[in-house]
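Down below is the structure, laid out as structure tokens.
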2 protein chains.
Amino acid sequence: MPTESPAPVPAPVLAPEIEAATDVINGVRAAWAGLHPELDTAPIDVIGRILRASALVTRAGDEFLARYGLTRGEFDILAALRRQPEPQSPGSLRTVALATGPATTKRLRSLEARMLVDRSPNPADGRGALISLSASGTALIDEVFPALLAVERELLTGIPSGVRPGLVDGLRALLASLESHPEAPTTD
Amino acid sequence: MPTESPAPVPAPVLAPEIEAATDVINGVRAAWAGLHPELDTAPIDVIGRILRASALVTRAGDEFLARYGLTRGEFDILAALRRQPEPQSPGSLRTVALATGPATTKRLRSLEARMLVDRSPNPADGRGALISLSASGTALIDEVFPALLAVERELLTGIPSGVRPGLVDGLRALLASLESHPEAPTTD
DNA sequence: GTACAGTAGTTCACGAGTAAACTACTTTCG
DNA sequence: CGAAAGTAGTTTACTCGTGAACTACTGTAC
């Protein structure tokens, strides 16, 4: 049985006459409030929405990237390589892509097989490798990235311009906090 | 080569003296601005952060749920059943959990095998089934859900209280917009 | 210099989700 | 009524990612 801090009512927030947009999460919180009124479900306001929005955005992005034969994970690697001109180690790519070691190995293998990236031994470390974008890899990411941005821009058109700065500031604060946590990316 | 609308500078937004928290996404946008100054990378401010925050939050949540032998997908189904007292069809669970048909089938099979849910034929429709929470399923979700909320609450402690309302309003507007789109959940 | 702990990266076995095809029932309509 | 179209759900084959174990090299300490 649940026992938590007393819950503030999950009520709307904006001006009286202006009907604030409502989403499924409002309904979810209301349902739990009916079942367990003493439960503070406020974290859902942020985390439930982030997970759901992420699922929808991921779906649209994956569908788009599939037209280029790329997964989101592969795209992340190409983009990371493009942003930093110097060849990078698999480990560094693993970190920026927020991936596990084996996932990085698979992505690199797939990109290498298509000649989108090149692998060379790391002269300074016999265990390591250095990955660099090939010419065709550079061409691909320079084509895909702006097109993906256009898709993403379209997904955001429904946000009223007034709330967007607050959304961005809030997300930046959240992400800065999550990233600073001791939570290591993952296993190798 | 990229060609897009002229880009507003990816600059900080808050008060001058107050140092706004910074995250990896600021660096990502700055790197692209150096490479392709004409590219409007503003969508990353929202979508990049949502995807990254989602990955970190998902990691923490999955790790926690694993202690109870649950995946996030299974948890979503138990929670959906708990919120609505009436038995629900697999299709309705599929929709609220934002899942595909086969994923729902697998999750239900796994929950059934553990006697956490019961399946009965739908008397009103010979094709369909009705899923309901068993007593042990109810007990499990009533134990897990408040504990998961506590984990999530902890993840959010780093957000300054001043920005949180704007974050929630922005996320609600985004999610309401994404959900209203014709984008169907997926295949069956 | 040689042992030993640590790091980089990969391989292996497996788990969750997907798309496409399929079964079985229901609804519509000529 | 009976055929055709639609809907509910599952099965199959496959993909991407994971945790655990492993290889191979590096760096530190004695």
Side-chain angles (χ1 to χ4, degrees), chain A residues 51 54-56 58-67 69-77 87-114 117 119-131 184-188, chain B residues 51 54-56 58-67 69-77 87-114 117 119-131 184-188:
Chain A
L51 294 180
S54 168
L56 294 168
T58 297
R59 182 172 297 162
D62 286 355
E63 191 175 324
F64 173 80
L65 290 171
R67 294 194 228 157
L70 291 175
T71 64
R72 170 62 74 159
E74 289 161 356
F75 169 85
D76 285 346
I77 293 210
Q88 291 174 67
S89 68
S92 135
L93 293 168
R94 189 199 68 109
T95 303
V96 308
L98 232 40
T100 59
T104 306
T105 297
K106 285 194 180 182
R107 293 170 187 178
L108 289 176
R109 182 190 306 291
S110 162
L111 294 170
E112 282 176 69
R114 281 177 279 174
V117 303
R119 172 186 296 257
S120 56
N122 184 341
D125 187 335
R127 298 164 295 186
L130 286 176
I131 311 294
T186 344
T187 170
D188 286 72
Chain B
L51 294 181
S54 169
L56 294 168
T58 296
R59 182 171 296 161
D62 286 356
E63 191 175 323
F64 174 79
L65 290 171
R67 293 194 228 157
L70 291 175
T71 64
R72 169 64 73 160
E74 289 160 358
F75 170 86
D76 284 346
I77 294 212
Q88 290 175 68
S89 68
S92 135
L93 293 168
R94 188 201 68 111
T95 303
V96 308
L98 232 41
T100 59
T104 307
T105 297
K106 284 196 182 180
R107 293 170 186 179
L108 288 176
R109 182 190 306 290
S110 161
L111 293 170
E112 282 176 69
R114 280 176 280 172
V117 302
R119 172 186 296 256
S120 57
N122 184 342
D125 186 335
R127 299 165 295 188
L130 286 175
I131 311 293
T186 342
T187 170
D188 284 73

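Chain letters run A, B, ... following the sequence lines, proteins first and then strands; every chain starts at 1.
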Could you state the atom-to-atom distance from [atom1] of [X] to [atom2] of [N] in whole Å?
| X | N | atom1 | atom2 | result |
| --- | --- | --- | --- | --- |
| B:Arg109 | C:dG17 | CZ | C1' | 14 Å |
| B:Gln88 | D:dG9 | CD | P | 11 Å |
| A:Leu70 | D:dT15 | CG | P | 16 Å |
| A:Arg94 | D:dG19 | CZ | P | 11 Å |
| B:Leu108 | D:dG9 | CG | C1' | 10 Å |
| B:Ile131 | D:dG9 | CD1 | P | 8 Å |
| B:Asp62 | D:dT18 | CG | P | 10 Å |

Working to the nearest 0.5 Å, report the span between CG of B:Leu70 and CZ of B:Arg107. 11.5 Å
Roughly how far apart are A:Phe75 CZ and A:Leu111 CG, rounded to 0.5 Å? 12.0 Å
Give one of base, sugar-phosphate or nothing for A:Arg119, where a contact means two heavy atoms less than 4.0 Å apart. sugar-phosphate
Quick one: label A:Ser89 by what it contacts on the DNA or RNA (base, sugar-phosphate, nothing), any heavy atom closer than 4.0 Å. sugar-phosphate
Heavy-atom nearest nucleotide on DNA chain D taken for A:Gly126 and for B:Ala129; more 5' hit belongs to B:Ala129
Which comes earlier along DNA chain D counting from the 5' end, the contact point of A:Arg72 or that of A:Ala124, where each point is its nearest nucleotide? A:Arg72
Output the single nucleotide from [options] whose closest atom is nearest the side chain of [X].
| X | options | value |
| --- | --- | --- |
| A:Thr100 | C:dG17, D:dT18, D:dT10 | D:dT18 |
| A:Ala103 | D:dG17, D:dT10, C:dG17 | D:dG17 |
| B:Thr105 | C:dT18, D:dG9, D:dG6 | D:dG9 |

Report the C-alpha distance between B:Gln88 and B:Ile131 in whole Å, list the side-chain angles of each, state the deciding distance to 0.1 Å, and finish with yes or no for side-chain contact (heavy atoms from CB on, under 4.5 Å). CA-CA 5 Å; B:Gln88 290 175 68; B:Ile131 311 293; 5.6 Å; no
Contact nearer the 5' end of DNA chain C, comparing A:Leu130 with B:Asp125: A:Leu130
Could you verify whether a donor N or O on one side chain and an acceptor N or O on the other, from B:Arg109 and B:Thr105, lie under 3.5 Å apart? no
Got a donor-acceptor pair under 3.5 Å from the side chain of A:Arg127 to the base of C:dT7? yes
Kindly give the heavy-atom pair with the smallest separation between A:Leu108 and A:Val117, and that separation in Å. O-CG2, 4.4 Å
How close do B:Asp62 and B:Arg72 get, heavy atom to heavy atom, and via which atoms? OD1-CB, 3.5 Å
Look at the side chain of B:Arg114 and the backbone N and O of B:Gly69, then say whether any donor-acceptor pair between them is shorter than 3.5 Å. yes
So which protein nitrogen or oxygen atoms get under 3.5 Å of nucleotides 13-15 of chain C's nitrogens or oxygens?
none

